Amino acid sequence: MYPRQIPETRPVARLAYAACVWIVLAVWLLPVFAIMLTALRTLEDVMAGNYWGWPDRINLWGNLVAVFTQTDMLRYFLNSLIITLPSTALVLILSTMTGYVLARHRFPGATLLFATFIAGNFMPQQVFMIPVRDLMVSLGLYDTFGALIIFHVAFQTGFATLFMRNFIAALPNELFQAARAEGASPGQVLVQIVVPLVRPALAALSILLFTFIWNDYFWAIVLTQTDAVKPVTAGLANLRGEWASSWNVISAATLFVAIPPVVMFFLMQRHFVAGLTMGAVKG
Amino acid sequence: MSDVKLTSVQKYYAAFHALRDIDLTIQPGEFVVMVGPSGCGKSTLLKSIAGLSDITSGRIEIAGRDVTRTDPGERGIAMVFQSYALYPHMSVAQNMGFGLKIMKRPRAEIDAAVRAAAEILRITDVLDKKPGQLSGGQRQRVAIGRAITRRPDVFLFDEPLSNLDAALRTQMRVELATLHKRLGATMIYVTHDQVEAMTMADRIVVLRAGRIEQVGAPLELYRNPVNHFVASFLGAPRMNFFEGRLRDLSAGATLEVPGLPEVTIPALAADHGLRPGNRVTLGLRPEHMRIDGRGVTTPATLRLAEELGRESVLYADAGALRTTGSDTGTESVTLLLGAGTPPPEGSTLQIGFDPADAYLFAEDGRTVTAPKSAP
Amino acid sequence: MLRTRRSLRHRATPALLLAPGLLLFLVVIVFSALRTFWISLHAWDGFGPMTWVGLSNYAELWGDPQFWVSLRNNVIWLAVFLLAPPMGLAIALLVNQKIRTMRLAKSLFFMPLVLSTVTVGVIFVWFYDPSYGLLALLFHAFGASPPAVLSSDTWVTFAVVFAALWPQVAFCMILFLAGLNTLDEEIIGAGRVDNARGWQMLRHIVLPQLRQVAFIALAISMIGALRSFDIIAVMTSGGPFGSSTNLAYQMYQESLFSYRFGYGAALATVLFAIMMVFIVWYLLRLLRDERSA
C-alpha cells in the first residue's frame, strides 16, 4: 500500500497519526459543525452572537417543531420523495435495458450513441432549460410532479446507461455465449442472466441516482412554481428568504434536508463509492 | 448420414480471412480434435459450428439438417467453454437445468436429467452449491454436466482443460474419453495441446491460418504428415529439420546437407515433382536418432541431457549440422533415447539415423517421401 | 455476411429494449439542446411567436458588460477548481492508512459530496456571515474587522467558488482513494527496493499509475466548474449587482426574469460551445483508452 503504512509495532506513532487526521477532519467539517451547533440553539442565543459557545439551552426540538409547524418543509419533503423514488426506479429499469443492448449488441452508430449519452450527461443543465420548460408547458405538465419525473428520468438515463453498459460489458463474454448456445433469447438472457448479475451495480446506481435527484435544485425552480409540488431543496432556499435571520430554524431545516442522502450514504457507503469510481479506475 | 458436415465454410473479420474454404465431414459418434497454433482459426471454427459466430459463406449441417442460419439454441449442440461460463448466480443444479428450462420442459424431466448427469459426473453432492464454492475440477464437471443434460447431437469443447493443473488435466482427459465411449455422442474438441489431441481423438484436424492442413487418425498424422507444418506441429520433442540441397534423383533422393555425409533417401512419393538442385528440408524425429554408430553418422558434442527416467532427451552440437526452427531455439540436434544412463555431458558422440526413417520436404513444405507404413 | 436466421422476436428484442430510454433521451435532452441553438437565433418572450433575428443576440452579447463579467467568473471557477484534484489527492494520501478509525474518517471526509448544493450553500452563507459567522470569528481573533465577502464585488465569486470546491475536493479524494487501491503492489515494492522515497516515489512511481484517475478527476472538476449554478443561486443570486453571475446563472436570469428567451438561449449556446471543448477532449481520451484496452 502507498503511502507506506505506519507499522503495528509503533502504536504511539499510529495513535498520533490518527489524531492528526482527526484534527484535519475537524477543520474540514467545521462548516457542518457550525450548522449543527446552530440547530441546537435558541434564536436569542443566535442573535447574541454565540457561535461556538455551548448553547444556553438545547432547543433542537423547538427548532424542529418550528420547521414542521411553521414552514412547509414536511410537505416539501414528501414532494421530494414522490419525485425521487419513481424517477430512480424508472431510470434503473430503462438503463438496464439500454445498457444491456449497448454492451452486448453491435449495431451501426453505437459509438455515436455512446458519445451522445456521455456528452448529454455532462452538459450544463441550462442548455436544455428553455426547450424543456416549453415542452412541459405545452404538455400541460408544468408545475407538476410529472414534469420533474420525466426530466430526471430522461437526463439520468444517459448517465445510468453508461454505467450499466460498462458493468455489463465487463461480464465474461462466454457467459452470454453459453446462454445463447442453450437457446436463451435476448429477453431471456436479460432477465435470467443479466439482471441477477448486475444487482451490485443496480444498488450502487440507485443510491447515486437517489442522491442526484434528491439534491436537484435547478429543475425544481425551473419546472415548478407552487408549494404543492416543490421539492425540499427549493423549499430550503425559500425558507432562507422568509426566515432571514432565524438561523437556528434554517439550520434545523438544513439538517432535515440532508438526512435522506446522508443516511443512504452511510447505509450503502460501499455501493456509493463503488458507483462513483466505477469506470474511473480500471487499473 | 453424417453428424456434422461443413461445406466451403469461409469467414472474414473485416479484411481478415479467418476461415478459408473449410470442408469437413464428421461421422456420428466420432471424437474429432481440432488443433493448431493460436490464431489458426480453430476456436472460430468451433464457434461457427455452434452458431455463436456467423460465417461469411458456406454451409453447415448438423444431423442432416442445414443449420447455417439457425440460432445456436436450435442447432442441437451443447458447448463447454474454456472458462466454463457457469452462471455465478445459479446453483449447480440450476446451471445444469438452465437449457431445459429455456426449452420449457417439465420440472420433473429437468430434475431427472440433472440428476442423471450429476451421477455420471459424480457431482450429486454439490448440486445445491454455487459455482463460486467449487474447485476447478468440479466446475469443469458442472460445465460438462450442463452440456449432457441437453442431450445434444453434438458436443463442442473449447479448450476445456486449459485452466486445470497438470494432474487434474490428465484425470479429466481420461474421464472425457470414458464419457465419450459411454454416451457414444459426437464430440468436437478444440485444443492447442497435442497430447490431448493424440490421446483423445478418433481423428485430428490440423489447422493453420484458417485452413485445414490435414485430417486423419492421430498415428496416421504422426507417421505421415502431409507437410512440414504438420510434421513440426505434432510430436514432442519436435522433429529435427536440416536444410539441404538435392543432388541426384536416380535412385531415391540423394542430397547434401552441411555437416552430414551424402544421404540417400530410399523411397519418394510418386508425385514428388523434385528436380536436382532443389532446396529441400530433411526431417528426423528425435526417437529416430541414435548413438550406436549405425546409419548415417556425424560426430557431435553432448551439450545437455534431460533424464526423464523412462527416456532421455539429449541435445547435441554437431558442428556444421544445424537444425532450423527447433523447440529450444538453438541449432542443436535433439535425440530421444530409451531407458538407460545417457553419456556424460560434454562427451563426443557419433549421432546417426537410418535414411529410411527420414522425411523429406520440398521447398513449398510438401512431404515428398513415400508414406510410411505402421512398423 | 449471412445473418443467422433468428425469429423476428429475437431480432426485434434489442430494438425494443433500447427504444424507450433512447427516445426519451433523444426527445428531452438531445432535441432540447439543438432547439436551444435554434431559439438563440430568435427574439422570444417565452409565450408569443418567435421572431427571427439571426445572429443579433450574439452581437448583443459581445457588447454586454454583464456577459464579460459572467465569462470572467467562469474563468475564475475553472482556475480555482484546478485545485480540487491536488487537494483531493492530498487528503487521499493522508487517510490511506490501515489504522483504526481511519475508515470512519474517510466516510466523514466524503460527507460534503452527499449534501445537496443548496445545503452546502446555506452552510457557507452562515460560515461567511459578517456578524456571527465563523469567518467573522476568525477575523476577530486576529483583531481585524471581518469583511462581508458575499457583498463585496471583489471577493464574492471567490467566496462562492471556495464553497463549491468543498464537495468537489471530496469527489476527487474518492477517485484517488480508489486509484491508490489499484496500485500495482509489485511496482511499489520495486520502487521501495530501489530506495525511492517521499516525493520521488510519488512523482516517478505512484503518479504515473494514477494518470487515468487524475485525468478523470481533472475533467470532472472542469466540467463541474462550468456547470455550477445552484450554489450561486442560493448564496448570492448573482449579486451584488451581478458581480457573481456566471454564464449559466446569467442565462437563467435573462430567460426567466427578463423574459428574453432568445438572448438566454444565446448565452446557453455559448456555454454549450465552451463545454463542448472539454467534453470532446474528454471523449477523445476516453475512446482512445477504450480502444487501447
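Computed from a prediction, not measured in an experiment: that's the story for all the values here. By convention in this document, chain letters (A, B, ...) are assigned in the order of the sequence lines, proteins followed by strands, and residues within each chain are numbered from 1.
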Practice task
Any chance you could lay out the side chain to side chain contact (heavy atoms under 4.5 Å, CB included) test for Arg199(A) and His89(B), step after step, and finish with the verdict?
Solution key: CA-CA 10 Å; Arg199(A) 275 203 206 120; His89(B) 57 290; over 6 Å; no

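- Residues of residues 90-104 of chain B lying within less than 4.5 angstrom of chain A, judged on heavy atoms, are Met90(B), Phe98(B), Gly99(B), Lys101(B), Ile102(B), Lys104(B) in numerical order.
- Ranked by heavy-atom pairs under 4.5 Å with chain A, the first of Pro152(B), Ala78(B), Ala50(B), Gly73(B) is Gly73(B).
- Between the Glu174(A) side chain and the Ser83(B) main chain, a donor and an acceptor come within less than 3.5 Å of each other.
- Distance check: Leu175(A) CG to Tyr87(B) OH gives 6.5 Å after rounding to the nearest 0.5 Å.
- Of the listed residues Asn173(A), Leu171(A), Leu197(A), the one with more heavy-atom pairs under 4.5 angstrom with chain B than any other is Leu197(A).
- Annotation: side chain of Met79(B) is not in contact with side chain of Glu182(A) (no heavy-atom distance under 4.5 Å).
- Residues of residues 114-138 of chain B lying under 4.5 angstrom from chain A, judged on non-hydrogen atoms, do not exist.
- Here the shortest heavy-atom pairing between Ala181(A) and Leu52(B) reads N-CD2, 4.3 Å.
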